[in-house]
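These notes are about the structure you will find just below.
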Amino acid sequence: MAGIPYRFERTADAAGLHQRYRELSPGQETDDEVAVAGRVMLVRRQGRIAFATLHDSSGQVQLFARQQVTGDFEAFTRLSLGDWVGAGGRVVKTNKGELSVLVERWELLAEARRSFGDKWKGVTDVETRFRQREVDLWANEGSRQVLETRSRLVSLLRHRLEELGFVEVETPLLHVIPGGATAKPFVTHHNALDMDLYLRIAPELFLKRLVVGGFDKVFEIGRVFRNEGLSPRHNPEFTMLELYQAYADYTDFLTLVEELVSGLALELRGTTVLSYGGRRLDLTPPWRRETMARLVTEATGKPASVHTPVDELRQRLAAAGGQVHEQWGPGKLLLELYEKTTEPDLWGPVFVTDFPAEVSPLARRHRADAELAERFEPIVAGRELGNAFSELVDPDDQRRRFEEQAAARVAGDEEAMAVDEDYLRALEYGLPPTAGLGIGIDRLVMLLTDSANIRDVIAFPTLRPERLTD
RNA sequence: GCGCCUCUAGCUCAAUGGCAGAGCAACGGACUCUUAAUCCGCAGGUUGGGGGUUCGAAUCCCCCGGGGCGCACCA
């Protein structure tokens, strides 16, 4: 583009100016020269003077142009809403008390060829907001703040984990066998090897192989991919924190989760008592801990556990409106009954503990009851925030669980796991007692920014393409 | 995948079977302290796409597409 400079030397931002010149009185002028840059959002011409509101990432400040002092004054008054400019001049406060840069020289840094939204109402159309996120971020202050909060949250989390001695690692996104969770994967193809590969549905198995290799505290924050439906709480690619700690069990992670989440609330919101969707959410530790069996018993008014006769569980699930499959054992039936009757009414925060072993193929059996797993899910604001367990370390038991999964897969369960021989071999080298935890970062950001839709916390959420005709 | 709702100017919205409109933005002009400035003027549309009913369709019906919410699946 002709006339567009390659760089602009900025010496101040809007927030910094307001901070520094708070005490300036109306009409007062300084001799301080500054250079600011950003997007012009409003221009008010007043004959031989003009005012423009300049937005930068820190806030906004007024540009004050005068025919006598401003270079190319006529062109300045013709700036359009959305144009990027860099402007230099002295800091002044107008007679009406608005902090301004009295523009002496300025440069157009980019032209807005497309006009921005309504200057008062912004852009509210949900489709436009997510398809043209760049417009949403400029037009709607709140949209940008959510993403800034997300950035701070991830940074705080990372630093906190490093303080605790965890080492950040990166494991493959392309998997030969999608493992570590039960979900449908995306498939892709490697040409040179002529083989299908899967985008990971979880980093779990590789992280535990690193523990086998001697990393006793590891974590990964990264994208995972699940080929499932979209909803206000589901995006096909989302960000997960997974961490593993050797010599620990799932009880250690109860307190870790409480402390991490309430600590983030304190840092980002200044309190552990939040409001989410208009409803009170008290994240102050300790959180309630309750077994799944007890919660289901409480919710249905009738004892239920993995030891309840299968026929009774089937009957009760059917009565609750659930589908019943012949091959389901008591563990799966109890989980379904929990999801039908109990989970929808949980608000939390609450740790739901001791899931059936049948539905926890990577978790270690409960030390007090072999039909249960040492596993919990934190439920916060009515949704699963994560998943944690004492890791299954016995290669023989792991093989049996994989084989049960493989059988379910053959029977038609598309989400069941496959036998991962590489992982079994790693276990045979010895995985020490280890606790593992996964937390959905997007959902955590939703909680702490009071966002109702996961798309609000993802810069570019997955959308069906607009079928542009050619 | 199924159900309900929705799509009108760049943006935010009117018009419920009878001439497609307003505000803001854009464009032209006036104005020496504005704050969504104000004032004057000008332009802007295949009403998401296609078909049907009707003398007449943004409006009613059908098909297709995008989006939202719910269900299902899951974090």
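Letters A, B, ... are given to chains in the order of the sequence lines, protein chains preceding strands, and every chain is numbered from 1. As the structure is a prediction and not an experimental result, all values here were calculated from the model.
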_Test of ring centre spacing under 6.0 Å for A/F64 and A/F51_ = yes
*Does A/K184 put a side-chain nitrogen or oxygen below 4.0 Å from OP1 or OP2 of B/G1?*
no
*Taking only Lys NZ, Arg NE, NH1 and NH2, and the carboxylate oxygens of Asp or Glu, determine whether A/E204 and A/K208 approach each other closer than 4.0 Å.*
yes
*Candidates B/A37, B/G67, B/U32 - which lies nearest the side chain of A/L463*: B/G67
*Measure from the side-chain heavy atoms of A/S231 and tell me the nearest of B/A72, B/U12, B/C33.*
B/A72
*Expressed in angstrom and rounded to an integer, what is the separation of A/E339 atom CD from B/C71 atom P?*
14 Å
*With respect to the phosphate group of B/U35, does any side-chain polar atom (N or O) of A/T53 fall under 4.0 Å of OP1 or OP2?*
no
*Where the side chain of A/R78 is defined as all heavy atoms beyond and including C-beta, which of B/C33, B/G28, B/C13 is the nearest nucleotide?*
B/G28
*Angle class for the A/W138/A/H55 ring planes (parallel below 30°, perpendicular above 60°, tilted otherwise)?*
tilted
*asked:* Between A/R464 and B/G66, is there a contact of a side-chain N or O with OP1 or OP2 at under 4.0 Å?
replied: yes
*Select one nucleotide: of B/G23, B/A37, B/A72, the one nearest the side-chain heavy atoms of A/K119.*
B/A37
_Nucleotide of B/C73, B/U32, B/G67 approaching A/E127 most closely (side-chain heavy atoms)_ = B/G67
*Determine, stepwise, if the pair A/E220 / A/T171 fulfils side chain to side chain donor-acceptor pair (under 3.5 Å).*
CA-CA 8 Å; A/E220 180 165 8; A/T171 63; 2.6 Å; yes
*Closer to the 5' end of RNA chain B via nearest nucleotide, is it A/S100 or A/A452?*
A/S100
*Taking the side chain of A/L42 as its heavy atoms from C-beta onward, which of B/U32, B/A37, B/C13 lies nearest to it?*
B/A37
*Distance check: side-chain N/O of A/N95 vs OP1/OP2 of B/U32, anything under 4.0 Å?*
no
*Is there a side-chain polar atom (N or O) of A/R131 under 4.0 Å from OP1 or OP2 of B/G67?*
yes
*Rounding to the closest angstrom, what is the interatomic distance between B/C33 and B/A14 at atom C1'?*
37 Å
*Tell whether A/D125 reaches the base of B/G67 with its side chain through a donor-acceptor pair below 3.5 angstrom.*
no
_Using OP1 and OP2 only, check whether a side-chain N or O of A/K93 sits under 4.0 Å from B/U35._
no
_Listed nucleotide nearest any side-chain atom of A/P232, set B/G70, B/C73, B/C33_ = B/G70
*Closest to the A/K121 side chain: B/U12, B/C31, B/A72?*
B/U12
*Phosphate oxygens OP1/OP2 of B/C27: is one of them under 4.0 Å from a side-chain N or O of A/S80?*
yes
*Using Watson-Crick or G-U wobble geometry with both distances below 3.5 Å, tell me the partner of B/G65, or none.*
B/C7
*Rounded distance in Å between the P positions of B/C5 and B/C63*: 13 Å
_Selected nucleotide, minimal atom distance to A/E228 side chain, candidates B/U35, B/C33, B/C73_ = B/C73
*Do any N or O atoms from the side chain of A/R375 and from the backbone of A/V359 form a donor-acceptor pair under 3.5 angstrom?*
yes
